[in-house]
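A quick write-up on the structure given underneath.
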Amino acid sequence: MAIKVNKFKCGYCGACVGVCPPGALELVETWIEADEECTSCGICAKICPVGAIEVSR
Amino acid sequence: MKDQYDVIVVGAGPAGSIAAKTAAMKGLNVLMIEKRQEIGDPVRCAEGVSKVWLRKHIEPDHRWICADVKGSRIFSPDGTMIEMAEEIAGGEVGYVLERKTFDRALAYESAKAGAEVMVKTRATGLIIENGFVRGVRLMHLGEEKDVRSKLVIGADGVESKVGRWAGIDTSLKPADLETCAQFLMGGTGIDQNYCYFFLGNEIAPGGYIWVFPKGKDLANVGIGILGSKSGKKHAIDYLKEFVEQKFPSAKILEIDVGGVPVSGSIERTIANGLMLVGDAARQSDPITGGGIITAMEAGKIAGEVAYEAVSRNDVSVSMLEMYEKRWRQTIGLEIDNSLIVKDLFVSFTDGEINSLAHSLEGVNFSSMSLIDLLYALFKANKKLLWDLRVLFKNVVKHELDFER
Ligand SMILES: Cc1cc2nc3c(=O)[nH]c(=O)nc-3n(C[C@H](O)[C@H](O)[C@H](O)COP(=O)(O)OP(=O)(O)OC[C@H]3O[C@@H](n4cnc5c(N)ncnc54)[C@H](O)[C@@H]3O)c2cc1C
Ligand code: SF4
Ligand code: SF4
């Protein structure tokens, strides 16, 4: 998994899920899960309203 | 929960609840699942809605109406104010809702109509057989289960996966999403009769800041910026700056975040055995970001088409084309027009926004029709007329209703 979601910052809004090109993210009740489809493109981190996501390349 | 339904609705927002209610009222066997444990919470909405359109779906109830708005005050980057009163402000004249209560009231309507509602129940996949969606794989309290249905309605909001599972790519590009943050604040001192909008690339690149009254001395103070302009600074950072400068002594009582699709109509919202509605179908308005009404309108159409399809025992794409056609000919036309305006709006510099505002300064809007307003705008800004020529062709062709 190449992204890290700061669960203390995240407002579980699902915006990142909506932009992820391969559909690697899932909003499960109140937290974000990422699977191995993630390509580290960084789009989710860019658009997160609160900057809760970090991508390592 | 049974093993088989006529229709399974995924997501209990406005789109899902109206779809479930409509289908259940027609006599279909309906299951609506919602992954949250509390419908409507957390809120991802500024909660503004047009009165006229709301009434088409539900009788207004004081339990979920916080404020009754008479007009809008729009501020350009240099502080020029344009005021629009009741008769002309269009979509902005209406109510400010309490979505937590409103969404539950809508879900309850669907339950009263006979739909089964299950919370803390998440769709994790679709059952697909011979190219037809035949039900939903769901998880309830950690247990996975397959539930079959003749039709599935995907009403699963901005984070929708239902469409993708059926092969419809609904992923949004950064430029097709407004990334938003909002504070519910006490003590802003705003006039509770107005919705306030603040424009400018410095304060809200590719979007705007809103202040919507929520009754007493409360207000939703929020921002949407275009996803493509987010990055170094995020929506919440811009919002904090605005609030510190504008309402330094107001108190924050709640934080809401979210994303609104502003892509305009997507290519396809149906598959064999499946319809997408609301934010899942990216049906929110690209210029205002409003999606409650369009979600309910689409939900209603989908519920009606579900009934037709199930009673004729045909859930193929050619049958469901009825849904696709009906929403595109109604809300779809307005979404397309708003997209034209949005594409132009995000290209404006602050100087251009200011000069547009100056050309409208001192105009008494309450006595003007929308056409007069546009005329006043175009008289002072010839280039605008050229940029929006497609819009006019559409308006003349379809005599669009701007009051939504
Ligand atoms: C900050 C912000 C401000 C806004 N302001 C306004 C405004 O002032 N006026 C306006 O009209 N619109 C506004 N909108 C847009 C509006 O909130 C949405 O368009 C509207 O809620 C869409 O309704 P919906 O039913 O399609 O989706 P939603 O209301 O998002 O509901 C979708 C539901 O599906 C559930 N769900 C998702 N996935 C699953 C799954 N796998 N299984 C089960 N359940 C699932 C979710 O938990 C959610 O409850 C705003 C949006 C934002 C983010
Ligand atoms: S976009 Fe940000 S705040 Fe929203 S769910 Fe994703 S990580 Fe959390
Ligand atoms: S980095 Fe790209 S691929 Fe990975 S989760 Fe984020 S948006 Fe999806």
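Per chain, numbering begins at 1; letters A, B, ... match sequence-line order.
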Most heavy-atom pairs under 4.5 Å with chain A, out of Gly259(B), Ala181(B), Pro42(B), belong to Pro42(B)

Select, from Gly231(B), Gly258(B), Gly157(B), Ala280(B), the one with the greatest count of heavy-atom pairs under 4.5 Å involving chain A.
-> Gly258(B)

Considering only heavy-atom distances, could you tabulate the donor-acceptor pairs under 3.5 Å between chain B and chain A?
from: Lys35(B); atom 1: NZ; to: Leu27(A); atom 2: O; distance (Å): 2.8
from: Arg44(B); atom 1: NH1; to: Cys13(A); atom 2: O; distance (Å): 2.6
from: Lys120(B); atom 1: NZ; to: Glu29(A); atom 2: OE1; distance (Å): 2.7
from: Arg122(B); atom 1: NH1; to: Glu26(A); atom 2: OE2; distance (Å): 2.5
from: Lys161(B); atom 1: NZ; to: Leu25(A); atom 2: O; distance (Å): 2.6
from: Lys161(B); atom 1: NZ; to: Glu26(A); atom 2: OE1; distance (Å): 3.0
from: Arg164(B); atom 1: NH1; to: Cys20(A); atom 2: O; distance (Å): 2.8
from: Arg164(B); atom 1: NH1; to: Pro21(A); atom 2: O; distance (Å): 3.4
from: Arg164(B); atom 1: NH2; to: Val17(A); atom 2: O; distance (Å): 3.1
from: Arg164(B); atom 1: NH2; to: Cys20(A); atom 2: O; distance (Å): 3.1
from: Leu172(B); atom 1: N; to: Gly18(A); atom 2: O; distance (Å): 3.0
from: Thr179(B); atom 1: OG1; to: Ile47(A); atom 2: O; distance (Å): 2.9
from: Ser228(B); atom 1: O; to: Lys46(A); atom 2: NZ; distance (Å): 3.1
from: Ser230(B); atom 1: O; to: Lys46(A); atom 2: NZ; distance (Å): 2.9
from: Ser230(B); atom 1: OG; to: Lys46(A); atom 2: O; distance (Å): 2.5
from: His234(B); atom 1: ND1; to: Cys48(A); atom 2: O; distance (Å): 2.7
from: Ala235(B); atom 1: N; to: Pro49(A); atom 2: O; distance (Å): 3.3
from: Ile236(B); atom 1: N; to: Pro49(A); atom 2: O; distance (Å): 3.0

What are the two closest heavy atoms between [X] and [Y], and how far apart are they?
X         : Y         : result
Leu25(A)  : Ile3(A)   : CD2-CD1, 3.6 Å
Ala298(B) : Gly278(B) : CB-N, 4.2 Å
Cys45(B)  : Ile292(B) : SG-CD1, 3.8 Å
Val346(B) : Gly206(B) : CG1-O, 3.9 Å

Euclidean distance, Ile225(B) CD1 relative to Leu177(B) CG, rounded to 0.5 Å | 10.0 Å

How about Phe247(B) and Phe183(B): are their ring centres within less than 6.0 Å of each other?
-> no

If one checks every heavy atom of Ala175(B) against chain A at 4.5 Å, the contacting part turns out to be neither

Contacting region of Ile43(A) [heavy-atom separation from chain B under 4.5 Å] | side chain

Residues passing the side chain to side chain donor-acceptor pair (under 3.5 Å) test with Ser265(B), sequence neighbours excluded, are Asp336(B)

With Val152(B) as partner, the option from Val133(B), Val9(B), Val147(B) fulfilling side-chain contact (heavy atoms from CB on, under 4.5 Å) is Val133(B)

